[in-house]
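Take a look at the structure below.
All values below were derived from every heavy atom in this structure, side-chain atoms included, with hydrogens, water molecules and symmetry-related copies excluded. So you know, we letter chains A, B, ... as the sequences are listed, proteins then strands, and number each from 1.
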Amino acid sequence: MRLTNTLSGAIETFRPLEDGRIGIYVCGVTPYEESHFGHAQYAIIFDAFIRYLRWDGAPGGGSEVTYVSNYTDIDDKVIDRAAELGRDPLDLVNDQIALWEQQQRALNLQEPDVRPRVTEHIETIVEAIERIIEAGYGYATAAGDVYYRVRAMADYGKLSHRNIEELRAGTRGEPGEGKEFPLDFALWKAMKPGEPNWPSPWGAGRPGWHIECSAMSQRYLGPSFDIHGGGADLVFPHHENEVAQAEAVSGPGSFAQIWLHNGLVQRDGEKMSKSIGNVVTVREALETWRPDALRLFVLEGHYRRPNNLTDEAMAAAGRGLDRLLAAVRDEGAGAGPASSAGPAERARFVEALEDDFSTPRALAAVFDLARTINRERDAGTDVRPAQAVLRELTGVLGLTLDATDAGEDGLNAVALSKLAARHEVACGGSDAETTIEALLARRQQAREERDFALADAIRADLADAGIEVEDTPRGARWSAAR
RNA sequence: GGCCACGUAGCCAAGUGGUAAGGCAGGGGUCUGCAAAACCCUUAUCGUCGGUUCGAUUCCGACCGUGGCCUCCA
């Protein structure tokens, strides 16, 4: 597999440190407020990536993947937000983590194998800081802060492709109290009154932002591991500092072998930010669009490129999803010969993903397969083998192709029973599905009597109630519109 | 200001030194009582200007534009 490595800036052939086993760490969220579309995007991308690595259809038959993704559950933002809300910081993050995990399930995101939290790894972090100090790359101040000595790291800046002079020119503001050098960053922050704190050799305090990720990734994946991922906005300073911290102790080139960064989400061509007021939360996204449509939208772009979220693009993704749903519909058992479609598309799919995880190209193969299935089905071919391949490939990308995604629980039972009454249909119970079936039976009867006015009226009424009716050779099919 | 990406049809988005995947939308058909879905056909000289080359959208340069980062945003 070839992947763009931020470290080298080039596409490299990825070889795991240990054959058949892959360790990957992805920077997770800081759960101080609701997650937004960008979080869904990074999570979807890495979810699909890991599903692919594990897939037995990947070259080599799939790998055993250890996926670690953290929660930064204590930092300035958490403390500030908790103070604003007058809440305990830990309560706040617990609530936000619970919400995010619920949303992750809604988005069909696989759970990471390990979800380390900073507050549960203070000892690991303190030990990591001690080793950095021992190696000569860290120093404590009289105030009880500990800083990383950036100038001690010869190749500082190698990940983000900058040098210390450049960075120094860009620094704004004051050097900071007790720092030897303006670019030095905090490994440990001395406690301030009222803030959560833990004991350490340098006095009570809490970890700096970057140390947690290098300490926890190495804790679970070893000093050297395969892949470290995250949003492109984390390259500097976060990931740069992680590299500096880790390699100060474990040596140059020892940390993550490949750095993968996903492009950021824009909203209508603009940066999504609170100051612009155009942030789309995951909650809003899930209320507006189907999970599979969201995933399709994300994966229709290449992971490294910025992705522009627009209503139009989302609508297009939704229609594309409908197309895939139509192809896997349970009407594939034609009387004719079995379809031979699938293997060629599968090969294209693999080829695309092997080439820097090109999900757009992989999806093109999937859509081509969908077209072939539809065409062959129309011709009476038994397309079930091809449908199985389509389901397999989309499953690798994490699409569920679950038609009930549209939310039948959202059906308006009251409106439906009124309809049933208007068309003089006995609907039995209040069950929405039963009512719809009864209405469709009434409509079918009308059609057989050539009473198309009534048939069309029923269809129109159902459409008003959010039910779309389509006639097929095998009877009417309905679905909840969205 | 510095560093780094990117700029492909109405929209989204792949890709290649030899005249450009896929999705959505549009137009024309087939099918259908009608519709929907599906299927078939159809819609681009790849930001601008130079250069290298037999030939560039693909390589190089400049310019314009968009985006990211420049100490705590996935």
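Among the nucleotides rC72(B), rG22(B), rA36(B), the one closest to any side-chain atom of Trp209(A) is rC72(B). Checking rA21(B), rC39(B), rC70(B) against every side-chain atom of Phe236(A), the shortest atom distance belongs to rC70(B). Considering only side-chain atoms of Phe185(A), the nucleotide from rC24(B), rA74(B), rU71(B) that sits closest is rU71(B). If you check rG22(B), rA74(B), rA14(B) against the side chain of Phe367(A), the one that comes closest is rG22(B). Here the side chain of Ser358(A) is nearest to one of rG15(B), rC12(B), rC72(B), namely rG15(B). For Asp233(A), whose side chain is taken as the heavy atoms from C-beta onward, the closest listed nucleotide among rC39(B), rC69(B), rA21(B) is rC69(B). Comparing rC72(B), rU71(B), rC6(B) against the side chain of Asp75(A) picks out rC72(B) as the nearest. In this structure, of rG15(B), rA74(B), rC69(B), it is rC69(B) that holds the atom nearest to the side chain of Lys271(A). If you check rC39(B), rC24(B), rG23(B) against the side chain of Arg319(A), the one that comes closest is rC24(B). Comparing atom distances between the Arg323(A) side chain and each of rC72(B), rA21(B), rG23(B) picks out rG23(B) as nearest.
Ring-plane geometry between Phe37(A) and Trp289(A) is classed as perpendicular, the angle between the planes exceeding 60 degrees on a 0 to 90 degree scale with a lower cut at 30.
Arg162(A) comes within 4.0 angstrom of a nucleotide base, judged by non-hydrogen atoms across all strands. Within 4.0 Å (heavy atoms only), Val469(A) reaches at least one base atom of the nucleic acid. Within 4.0 Å of Gly301(A), counting heavy atoms only, lie sugar-phosphate atoms of the nucleic acid but no base atom. Among the atoms of the strands shown, base atoms are found under 4.0 Å from some heavy atom of His36(A). Using a 4.0 Å heavy-atom criterion, one finds that Gly208(A) contacts no nucleic acid atom at all. Within the nucleic acid shown, Gly269(A) comes within 4.0 Å of sugar-phosphate atoms alone, with no base atom in reach, counting heavy atoms only. Here Val366(A) lies out of heavy-atom contact (under 4.0 Å) with every strand. When heavy atoms are screened at a 4.0 angstrom cut-off, Gln41(A) is found touching no nucleic acid atom at all.
Rounded to a whole angstrom, the distance from the C1' atom of rG28(B) to that of rG33(B) is 23 Å. Comparing the same atom, C1', in rU48(B) and in rG65(B) gives a spacing of 10 Å after rounding to whole Å. Look at the P atom in both rC46(B) and rU8(B): the space between them is 11 Å, to the nearest Å.
Using modelled atom types and a 3.5 Å distance limit, the side chains of Ser479(A) and Glu468(A) yield no donor-acceptor pair. Inspection of the Thr400(A) and Asp292(A) side chains reveals an N or O donor paired with an N or O acceptor under 3.5 Å.
For Asp73(A), the salt bridge (charged side-chain N to carboxylate O under 4.0 Å, His left out) partners are Arg117(A), not counting sequence neighbours.
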Table please: side-chain donor-acceptor pairs of residues 38-51 of chain A below 3.5 Å, with sequence neighbours left out.
{"residue": "His39(A)", "atom": "ND1", "partner": "His36(A)", "partner atom": "N", "Å": "2.9"}
{"residue": "Gln41(A)", "atom": "OE1", "partner": "Asn307(A)", "partner atom": "ND2", "Å": "3.2"}
{"residue": "Gln41(A)", "atom": "NE2", "partner": "Gly263(A)", "partner atom": "O", "Å": "3.0"}
{"residue": "Asp47(A)", "atom": "OD1", "partner": "Gln110(A)", "partner atom": "N", "Å": "2.7"}
{"residue": "Asp47(A)", "atom": "OD2", "partner": "Arg51(A)", "partner atom": "NE", "Å": "2.7"}
{"residue": "Asp47(A)", "atom": "OD2", "partner": "Arg295(A)", "partner atom": "NH1", "Å": "2.9"}
{"residue": "Asp47(A)", "atom": "OD2", "partner": "Arg295(A)", "partner atom": "NH2", "Å": "2.9"}
{"residue": "Arg51(A)", "atom": "NH2", "partner": "Asn108(A)", "partner atom": "O", "Å": "2.8"}

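The partner of rC64(B), taking Watson-Crick or G-U wobble pairs whose two distances both stay under 3.5 Å, is rG7(B).
Checked against the 6.0 Å centroid threshold, His239(A) and His210(A) do not count as a close aromatic pair.
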For this session: Classify every nucleotide of nucleotides 28-34 of chain B by which part a protein heavy atom approaches to under 4.0 Å, writing B for the base, S for the sugar-phosphate alone and - for neither, in 5'-to-3' order.
Result: -----BB
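In this structure, Arg162(A) forms a cation-pi arrangement with Phe236(A), its terminal cationic atom sitting closer than 6.0 Å to the ring centre and no more than 45° off the ring axis.
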